[in-house]
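Below is one structure, written out as structure tokens; comments come after it.
Counting starts at 1 for both ligands and their atoms, following the listed order.
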Amino acid sequence: MRQSSLVVVANRLPLDDNVAPDGACEWRRSPGGLAGALHAILEQTPATWVGWDGSIGEARRLPDIGTLRLRPVALTDDELRGYYEGFANSTLWPLYHDAVEQPVFDRGWWETYRSVNRRFAEAAAEVAEPGATVWIQDYHLQLVPQLLRELRPDVMIGFFLHVPFPPPELFMQLPRRVELLRGMLGADLVGFQRPQAAHNVAQLAAKLLDVHGADDAIHLDGRIVRTGAFPVSIDVAEMRSLSARPYVLNQARQVRHDLGSHKRMLLSVDRLDYTKGIEHRLTAYSELLRDGKVKVRDTVMVQVAVPSRERVENYRGLRDRIEREVGRINGEYGRVGEPAIHYLNQPFDRADLAALYQAADVMVVTPLRDGMNLVAKEFVAARRDNSGALVLSEFAGAAAELGDAFLVNPHDVDGLKETLLQALAATPRDLATRMKSMRGYLTTHDIHAWARAYLTELEPAHSLFR
Ligand code: ADP
Ligand code: G6P
């Protein structure tokens, strides 16, 4: 077994099911912030990525992608249900997102979550060279830090949570709260998107483990576990260069032409997820149409909602509700050849996404709760001419960094309507001032800065940044 000095462990490998008949495999980014963020760093770094390849049953052999080795972890159908669809995405995901949907506590899922976490820890232990750095990602694998420490005390262990860490009163609802907290604190450094998360963990450590916890360090079992905020970002250079490509510029013009050149375009791009606030946004837009504040003649909305976690009950229900609502709004307010909303339930490649970002007048990003929201950052990075407005939820991690957006509380539909109108009416000068400042910020806070900040905090002499 070949070993690496840097091992990334994440539930999902950064590619989809498509392996060509000759076995060649393409680096095909799965939609979702985590794969996008890590893709940029790892494509030119000797490392191994341990993860699930999206299929059921035996793991396939996957060829290297450039310098990156892939170590697939197999899941059976039962494991997929108990670990991924169950404990990760029906218990932890809703609970960590303010319980915007009711978390499901099913006692049968826990054992599967634990045994799959053990399998990931064993795979990581196998591919990590002596003294390696192992960087574990996200809520699917919260027990891996401690399990790996038991197997390989010689390695340096990092854990990064891409989603919010909930307030103590919500975390306390979890039947397995002590194991989950201890599991995560098996790492040497636990990173979050926001400082509040580290504060929440310190309080929980004091309460549940009876140990001293500060916002940047927790003393546990004779070790010090460091904690802190490292807001994740995007590959700014990639988005900038994409958005300068002639194909993208033409495509953006074509989109505007197809929608009606005189119309103002509102755009939203999400995984089809109940945390993204899609229904609140549709309500606000439909009420603006009802009140005559916007008209189908002069304004149009494009909602891209890429299918996600479709075997999970809550996601199927959400898709049905959204499709019904889009149909209702188009039925009520659309005209022949002029729908009020264009709804696109499909994946897009990066260039086509960049074209949509360039085409929009107002980008509407209104999650009810979101660890970061990389779409907001991608939109800003794509606006080379400093035009365009970003309407951004206060409950997205990105709001702490993109304070020049039109910030909004998406639960307050009247406030959301008001903010949409403000963004539509803003002067080019105001928009340019805001956009310039957000773009300036992103230049120095890109994905490479994130990885550098995290890995040098984990291990000051890390070879990636020596
Ligand atoms: P999350 O991680 O919850 O999905 P983010 O906004 O942080 O939310 O990240 C979403 C990522 O998925 C972004 O990089 C975005 O470009 C990508 N994405 C969103 N919609 C699509 C789509 N329809 N096709 C391809 N990629 C998409
Ligand atoms: C979020 C999570 C990631 C996850 C992604 C896509 O970004 O933080 O861990 O990979 O959503 O979700 P999926 O269930 O398709 O992997």
Answer yes or no: does an N/O atom from Ser308 fall short of 3.5 Å to an N/O atom of ligand 2?
no
Using a 4.0 Å cut-off to any heavy atom of Val269, which atoms of ligand 1 qualify?
19 (C), 20 (N)
Is there a polar contact, in the sense of an N or O pair closer than 3.5 Å, between Asp370 and ligand 1?
no
State, without any angle test, whether Asp370 and Asn373 hold a side-chain donor-acceptor pair at a distance under 3.5 Å.
yes
Those atoms of ligand 2 less than 4.0 Å from some heavy atom in Tyr84:
13 (P), 14 (O), 15 (O)
Note: Gln137, heavy atoms under 4.0 Å from ligand 2, region reported as neither
Which ligand 1 atoms, with their elements, are less than 4.0 angstrom from a heavy-atom of Asn373?
6 (O), 7 (O)
Would you name the heavy atoms of Leu189 and Glu457 that are closest together and state the gap between them?
CD2-CG, 3.6 Å
Flag the pair Phe160 / Phe230 as yes when their ring centroid distance falls below 6.0 Å, and as no otherwise.
no
Minimum distance, heavy atoms only, to atom 15 (O) of ligand 2: which one of Arg309, Glu310, His140, Arg12 is it?
Arg12
Fit a plane to each ring of Tyr84 and His140, take the angle between them on a 0 to 90° scale, and name the class: parallel (under 30°), tilted (30 to 60°) or perpendicular (over 60°).
parallel
Please list all pairs passing the salt bridge (charged side-chain N to carboxylate O under 4.0 Å, His left out) test where one or both residues lie in residues 381-407, with sequence neighbours left out.
Lys377-Glu401
Quick check: does Tyr139 get an N/O under 3.5 Å from an N/O on ligand 2?
no
Check ligand 1 against Arg271 and write out every atom of the ligand that is under 4.0 Å from a heavy-atom position of the residue.
1 (P), 3 (O), 4 (O)
I'd like the name of whichever of Met372, Glu378, Gln346 reaches closest to atom 23 (N) of ligand 1 through any heavy atom.
Gln346
Taking only non-hydrogen atoms of Val375 and a 4.0 Å limit, the atoms of ligand 1 in range are 6 (O), 15 (C)
Residues two or more places apart in sequence or in another chain: which of them pass salt bridge (Lys or Arg N to Asp or Glu O under 4.0 Å) with Asp188?
Arg149
Under 4.0 Å to a heavy atom of Val163 - the qualifying atoms of ligand 2, by number:
8 (O)
Best match, Asp349, Asp352, Val306, Leu353: closest heavy atom to atom 26 (N) of ligand 1
Leu353
